[in-house]
Amino acid sequence: MIKRKKLFKNLLILSSISYILPVLFFLSGSLKNFEFKVYDLLSKHLSPSDKSDNICLIYIDQFSIEELNKQGITWPWPRQIYAPVIEYLSEADAVFIDILFTENSSYGIEDDKIFAESLKKSKNVYLPFALSKEKGKIDEKYIKKIVYPAVIDTKLQYGSLISPIDELKNSAQGLGNVSILPDEDGIYRRIPLFFKVEDFTVPNFVMSYFIKKNMIHVKNNVILIDNTIIPLDEENLLLKFSKDKYPFHLFSFAELLDASIKNSKKQSSNIKKNFFRGKTVFIGLTAPGLFDLKPTPMSSKTPGVFIHATTFENLINKNFIKVAPKSIIFSIMLILAIFIPHAFLKQHSLKINMLIFIFSGLFLICIEVVLFKLSIYMQFLPSFVCLIFSSIISLLYSYAVEGKERSFIKRTFTQYMDKRIVDYLLTHPEFITPGGQKTTVTVFFADIAGFTTIAEKLSPENTALMLHKVLNSLTEVVITHSGIVDKYIGDCIMAFWGAPLKTESDEINACKAAIKCIESLEKINKEFSEKGMPSIKIRIGIHTGDAIVGNIGSDRLFNYTVIGDTVNIASRLESLNKFFNTSIIISKETYCKLTDSFVARELGVITVKGKTKPLTIFEILGQKDNINFEKISLVEKYNEGYSLYKEQKWNDAKEIFKSILNDFPEDGPSKFYLRKIEEFLSGKQLTEDWIIVKMEEK
C-alpha cells in the first residue's frame, strides 16, 4: 500500500510537470514558425491530386508579353487589348481579373471606355481593389455598394480603399480585396475572407462572387456558404492546395487573344468559345518582371492569381481543411503526460522505453496523417514536444531514483512474455526464485493443421511470414482474453489461464479465446489468398486440471511455465481434432465450468495413447449470441443421434447422422459415428467398454 501511494505521488508530480511546461511553451507561440513547416510538409506530400474542370487560369506570362511585343504592343498594354478576350469569355460564369486598374490608361480615356464597355456587356467580370493602412478619403456612396451588410468581427482593420477608376468599377459585376499578407515566415497558406475599412466590412476578391450569388450567410459571427460552415483559423481560410502541378485548365493570354481574333473573323481556333461556358476564369500576371509570384507550401514561385483560384475552388466545392480545436491538442498532451511517465516507471528497460517513445511518436504521426487525409489539420508539434519532454524527465527520474531499487527484477524482465506476469512479479519478487506451486490451471494448445505439407509448398521466407502472422494473431487473442502465452513449439502455441492470477472466468476466457482464434484466421487467410499463399486451419485443445506453475529450470536459466499431466492431455485433445475433423475440443473438466452461453456437443468418451483413464470430450462451435441457426440445428440433431448411438439403436442413429450429412457433408463427428455404426452393423463384437473410443495415435 505504501509503495502504491509513493508510485501514485511520483506519477502525479511527473505528469503535472510533463503537461504544464509544454502547454506554456505552446501558448507562448514559440512553436508557430516550426508548425508552419509541418503544414507545408503535409500539404506537399499528402494533399489530394484533385483537378477542377470548372476553373480556368489565363496567365499573362512571358510568352504573352513577347508575342504582343512582336506586334508593337509593349507592356503595360492598352486596356482595350482585354476587350476581345472578355467578349470571348462572355459565356463563363465569372471572370476574375487579378490586375489593379487604379489609374487611367496611359493610352487615353477612350482606351478605358472600350475596356469598360466590354465589362458592361459581359456582366460576369469581377475586379480587385486594394486596401491600405493609411487613412484616406472614402467614397461612402460607392463603398456601400460593395460592403457586406452583416456584422462580422475582424481585427483586419484598414484605413482606406484603393479602387479601380470610376469607368471600370461601375462596369464590373463585383469587386473584392486582393491585399493579402503571408504568414510570419513569408509563406502564403491562409487567406482572410473579410476586412474592415473604418466601420465597413468589405469582402475578399473571390468572396464578392459568392456574396453576389447570395451564397454567404453569417450566424453568430460564423460564416456559412449555403448551409456549410466555412472553417476559419484566426479569421483566415486555411487553403487546401492540390498536389497536382496543374489542377486547373491553363491558358496563355496570347492564346486567348488569338482565339478571340480568329473567332471575330469566323476562323477556327483550337480554343473554342463554348469551352468556357459555365466555368470560372481567372486572369493574372505570371511573367517574372510583373512581381506577382508568391511562395506557398507547394512552390516558392506561385502566381498570386493561382492563390485566388485555389481559394475559389475551396469555397465553391466546400473543399475545406478544418483546423482541430486547441482542446483536442490539450487532451492529447494530457494523455501523453499521464501515459509516458506511467509507462516508463513501470518498465525500467531502456529498450522498451525507447520503443514506447518511438511508437508513441509514430502514433502521433499516424494521427496527424490520418486527420490531414480527412481534411483536418491538427497542430503536431505541441503533442510531440510534450512526448519528448515527458520522456526525458521520466527517464531521468526512473534511472536516477527508481533504477537502483529494482535493478535485479529489471534484469529478469526478458524472461517473461506477458506484461501481467511482470507486474505480478514486481509486486511479489519472492516468486523470482526457481520452483513452482501446484494449482488448477486451464491449458490451451493451438496448432496449424497440416503445417508440414504447407511448408513444403512455400519458400522459407513465406513460411516464416505465415508463422509470424498466425502466431502473432493467436498471441494477441490469448493476451486480450487474459491468457498467458507460455511458449511457441514450432507451429504450435501453448498458453494457460489460472496463474499467476486465478479468476472464476478462466475456462470461459480460454474458450472465448479459442473461438476468436478461429475467427481471426479469416482475415489472415484473405491476406494469404491475395498473395497466392494457401489458406490455413488451426486445431485447438483445452483441458483444466492441476499442474505445477512457476519458474521451472536451473539457477542460471528458468522460465515461468506450467508442467504436469494436464499439459499433456491438452496437447492430446488438440491432436484429436484431426480424427473428428473439428477445430476446438475441450475436456469435461473445462466444459463443466462454462456457462450456457456456449454452443457445444459431446464427442464421446475417449482414451488417448499413453493414458488409461477415459476422458469425456466436447466440441465448442461458438457462442450463442454469435452463431447461426443452422449450427444450432446441427447440434440438436447430432445430440439426438448421439443419444440413440449410446442406446445402441444403430439404425435410428444411422438415419439421423445420414440426415445431418445431407445438410452438412463435412460434419466430422457425424461421419465418425456413422463409420462406427457401420462397423457394429457389420458384426463387430461389442465389448463392455464399447462406448470408449481408443485413440492409438498422438
**Request:** Would you check if the side chain of Lys624 reaches a backbone N or O of Asp596 as a donor-acceptor pair within less than 3.5 Å?
**Result:** yes

**Prompt:** Does the side chain of Ser659 come under 3.5 Å of the side chain of Lys637 through a donor N or O and an acceptor N or O?
**Reply:** yes

**Prompt:** To the nearest 0.5 Å, what is the distance between CG (Asn509) and OG1 (Thr480)?
**Reply:** 11.0 Å

**Message:** Are Tyr591 and Phe598 an aromatic pair, judged by ring center distance below 6.0 Å?
**Reply:** no

**Request:** Would you please say whether a donor-acceptor pair under 3.5 Å links the side chains of Thr475 and Asn472?
**Result:** no

**Item:** Ser529 side chain to Lys526 backbone, donor-acceptor under 3.5 Å
**Value:** no

**Item:** Spatial distance of atom CD1 (Ile656) from atom NZ (Lys649) [nearest 0.5 Å]
**Value:** 10.0 Å

**Request:** Please confirm whether Phe579 and Phe672 have ring centers closer than 6.0 angstrom.
**Result:** no

**Prompt:** Between atom SG of Cys517 and atom NZ of Lys512, what is the distance when rounded to the nearest 0.5 Å?
**Reply:** 14.0 Å

**Message:** Between Thr561 and Lys487, is there a side-chain donor-acceptor contact under 3.5 Å, judged purely by atom types and distance?
**Reply:** yes

**Item:** Side-chain donor or acceptor of Lys502 paired with backbone N/O of Thr440 under 3.5 Å
**Value:** yes

**Request:** Please state whether the rings of Phe657 and Tyr638 are parallel, tilted or perpendicular, taking 30° and 60° as the class boundaries.
**Result:** tilted

**Message:** How long is the straight-line distance from CG of Leu371 back to OH of Tyr377, given to the nearest 0.5 Å?
**Reply:** 11.5 Å

**Message:** For the residue pair Thr503 / Ser505, report whether a side-chain donor-acceptor contact shorter than 3.5 Å exists.
**Reply:** no

